[in-house]
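Heads up, the thing below is written out as structure tokens.
Every number for a ligand or one of its atoms is a count from 1 in the order of the listing.
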Amino acid sequence: MPTPSMEDYIEQIYMLIEEKGYARVSDIAEALSVHPSSVTKMVQKLDKDEYLVYEKYRGLVLTTKGKKIGKRLVYRHELLEQLLRMIGVKEENIYTDVEGIEHHLSWNAIDRIGDLVQYFEEDSKRVEELRQIQLKNEDNDLSN
Ligand SMILES: [Mn+2]
């Protein structure tokens, strides 16, 4: 199992390859706000653990195993953003909150959160009902 930090790298590499067709060390460093030397170190570890193949002058390619986990990690991030947006979390908090929780949930919990998001998406009345509860609770919100 990849560590939380490995997960962040695999997730970013997967997204970069999806968007641009390739992932350079400099792009990964920028996306994760880390020094390029940290990226090189992690990429070597990910290569050793067979998540990707890294050749210094030719760039890096995800293995089948790396692609499979990368796809899941991106899905997990997007699902959690969807959940927080749906339950009315302020836009300014969403990204940081997801980054904070995503590594700490079981895949079982992710699957069930998927059901919950689907439950609300299938009928807009459900979201409306939740909003009504939120209006009633507003005065007691801890963020106030
Ligand atoms: Mn993430």
**OP:** Check for a donor-acceptor pair, side chain of Asp123 on one end and backbone N or O of Lys125 on the other, with a separation under 3.5 Å.
**Re:**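 Yes, the answer is positive, given that a donor and an acceptor are paired below the 3.5 Å cut-off.
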
Original post:
With no hydrogens and no angle check, is any side-chain donor or acceptor of Lys45 less than 3.5 Å from a backbone partner on Met6?
Top reply: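 It does not hold such a pair.
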
**OP:** Could you point out which residue of Glu129, Gln134, Glu128 forms a side chain to side chain donor-acceptor pair (under 3.5 Å) with Gln132?
**Re:**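 For Gln132, the side chain to side chain donor-acceptor pair (under 3.5 Å) check succeeds only for Glu128.
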
Original post:
Taking Glu11 as the fixed residue, which of Arg76, Arg72, Lys71, His77 is the one that meets the side chain to side chain donor-acceptor pair (under 3.5 Å) rule?
Top reply: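 Among Arg76, Arg72, Lys71, His77, the one meeting side chain to side chain donor-acceptor pair (under 3.5 Å) with Glu11 is His77.
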
**OP:** Treating Ile, Leu, Val, Met, Phe, Trp and Tyr as nodes and any side-chain heavy-atom pair under 4.5 angstrom as an edge, say whether Tyr95 and Ile113 lie in one connected cluster.
**Re:**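 No; Ile113 is not reachable from Tyr95 via cluster members.
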
Original post:
Using a distance threshold of 2.8 Å, what protein N/O/S atoms lie below it relative to the Mn ion (ligand 1)?
Top reply: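 Correct list: Glu11 OE1, Glu11 OE2, His77 ND1, Glu99 OE2, Glu102 OE1, Glu102 OE2.
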
Original post:
Checking side-chain hydrogen bond (donor to acceptor under 3.5 Å, both in side chains) for the pair Glu122/Gln118: CA distance, chi angles, key distance, verdict?
Top reply: CA-CA 6 Å; Glu122 277 179 359; Gln118 189 183 337; 2.8 Å; yes

